[in-house]
**Q** 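For reference, the structure I am asking about is given below.
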Protein chains: 2
Amino acid sequence: MTAPRAHRAAPDHTHPDHVPLLTALSALADPVRLRLVRELAGSADWDRACGSFDVPVGKAALSHHFATLRAAGLVEQRDAGPKRLNRLRRAEFDARFPGLLDLVLRAEP
Amino acid sequence: MTAPRAHRAAPDHTHPDHVPLLTALSALADPVRLRLVRELAGSADWDRACGSFDVPVGKAALSHHFATLRAAGLVEQRDAGPKRLNRLRRAEFDARFPGLLDLVLRAEP
DNA sequence: TCGAGTGTATGATCTGGATCGAACACTCGG
DNA sequence: CCGAGTGTTCGATCCAGATCATACACTCGA
């Protein structure tokens, strides 16, 4: 009867509206995270688990990068079994920082 | 007869067109430089010397920040007597990274 | 219930960048 | 020609953040 209880701690998200400009810029000013955001933008929502990205870092570092992206309001995560699925917060982030995400996704390196 | 020779080494500029995205983001992802850019945006071109900005750092650090801004294609400098005058490269930078400068100048911290 | 798969936390290391003080270079007015 | 004003360079220090290896936690299928 009770809804299935979450046994794993849900990741703490920050809404883009509460993200300082410097936090957003710092989050995007890293090659690994930029890659994550871009790959994420090329996939459907909730399609990509954390481990499915082609970045040259270990699991631990990857986990921290995702935490940074969450804290910057760029990524939302949801647990699905053992995996943690991701979604780029396009609309919300764009409302807070209009054009920034588009720019980052469009501009060549 | 000869044009007045420059006795001081002219600062080396980088045109925004040749600036990588990560360089631009990193340049803006610093509180001091953000402040410089914003104050510069509120002044007319060539109106502000390096020492005229209200930032809580010493001369040395300030000089490095301006070098970073030059390298990111954000600022152009010109020597005028003992002073070095600055100008925000609005149009050029905006052509390379459309909307970024506007965003940074408009968004609250 | 066990084990493989997935992600997080912890502790350590390392590096880039931000900072400062001091020394140096240049310009201009007196 | 000197001295005040301005900015850069150099060397040293300091610290946030990026990284790794390891250990841990949770989920699910066999």
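In what follows, chains carry the letters A, B, and so on, assigned in the order in which the sequence lines appear, proteins first and then strands, with residues in each chain numbered from 1. Values below: all heavy atoms of this structure, side chains included; hydrogens, waters and symmetry mates excluded.
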**Q** To the nearest 0.5 angstrom, please state how far the OG1 atom of Thr23(A) sits from the NE2 atom of His18(A).
**A** 13.0 Å
**Q** Return the value, rounded to whole Å, for the distance between atom NE2 of His65(A) and atom C1' of dC20(D).
**A** 12 Å
**Q** Over all strands shown, is Asp79(B) touching base, sugar-phosphate only, or nothing at heavy-atom distances under 4.0 angstrom?
**A**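 Contact class for Asp79(B): none.
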**Q** Under the 3.5 angstrom rule, does the side chain of Thr68(A) hit a backbone N or O of His64(A) as a donor-acceptor pair?
**A**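 Flag set: sc Thr68(A) to bb His64(A) pair under 3.5 Å.
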**Q** Would you give a per-nucleotide map of nucleotides 7-14 of chain D, 5' to 3', where B means the base has a protein non-hydrogen atom under 4.0 Å away, S means only the sugar-phosphate does, and - means neither?
**A** BBB-----
**Q** For the pair made of CG in Asp12(A) and P in dT8(C), what is the distance, rounded to whole Å?
**A**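 One finds 11 Å between P of dT8(C) and CG of Asp12(A), rounded.
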**Q** How many Å lie between CG on Leu34(A) and C1' on dA18(D), as a whole number?
**A**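 It is 16 Å, rounded to the nearest whole Å.
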**Q** Rounded to the nearest 0.5 Å, what separation is found between the CG atom of Leu74(B) and the CG atom of Leu101(B)?
**A**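 Leu74(B) atom CG to Leu101(B) atom CG measures 6.5 Å (nearest 0.5 Å).
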**Q** Rounded to the nearest angstrom, tell me the gap between atom CG in Leu22(A) and atom C1' in dG17(D).
**A**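 The answer, rounded to whole Å, is 15 Å.
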**Q** Can you confirm whether Leu21(A) sits close enough to Glu108(B) that some side-chain heavy atom of one is under 4.5 Å from a side-chain heavy atom of the other?
**A** no
**Q** Angle, rounded to 10°, between the helical axes spanning five pairs at each terminus of the helix from dT1(C)-dA30(D) to dG30(C)-dC1(D)?
**A** 20°
**Q** Of Gln77(A), Arg48(A), Glu39(A), which meets side chain to side chain donor-acceptor pair (under 3.5 Å) against Asn86(A)?
**A**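 Per the side chain to side chain donor-acceptor pair (under 3.5 Å) rule, the option paired with Asn86(A) is Gln77(A), out of Gln77(A), Arg48(A), Glu39(A).
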**Q** Can a donor-acceptor pair be found, under 3.5 Å and without considering hydrogens, that links the side chain of Arg89(B) to the backbone of Arg70(B)?
**A** no
**Q** Between the main-chain N or O of Leu40(A) and the side-chain N or O of Arg87(A), is there a donor-acceptor pair closer than 3.5 Å?
**A**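 Between the backbone of Leu40(A) and the side chain of Arg87(A) there is no qualifying donor-acceptor contact (under 3.5 Å).
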**Q** If only atom types and distance count, is the side chain of Arg96(A) paired as donor or acceptor with the main-chain N or O of Ala107(B) below 3.5 Å?
**A**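 Not confirmed, Arg96(A) side chain does not pair with Ala107(B) backbone.
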**Q** What is the distance from CG of Leu69(B) to P of dA18(C), rounded to the nearest Å?
**A**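 Rounded to whole Å, this separation is 10 Å.
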**Q** Hey, which of these two, Gly58(A) or Ala80(A), hits DNA chain D nearer its 5' end, going by closest nucleotide?
**A**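 Residue closer to the 5' terminus by nearest nucleotide: Gly58(A).
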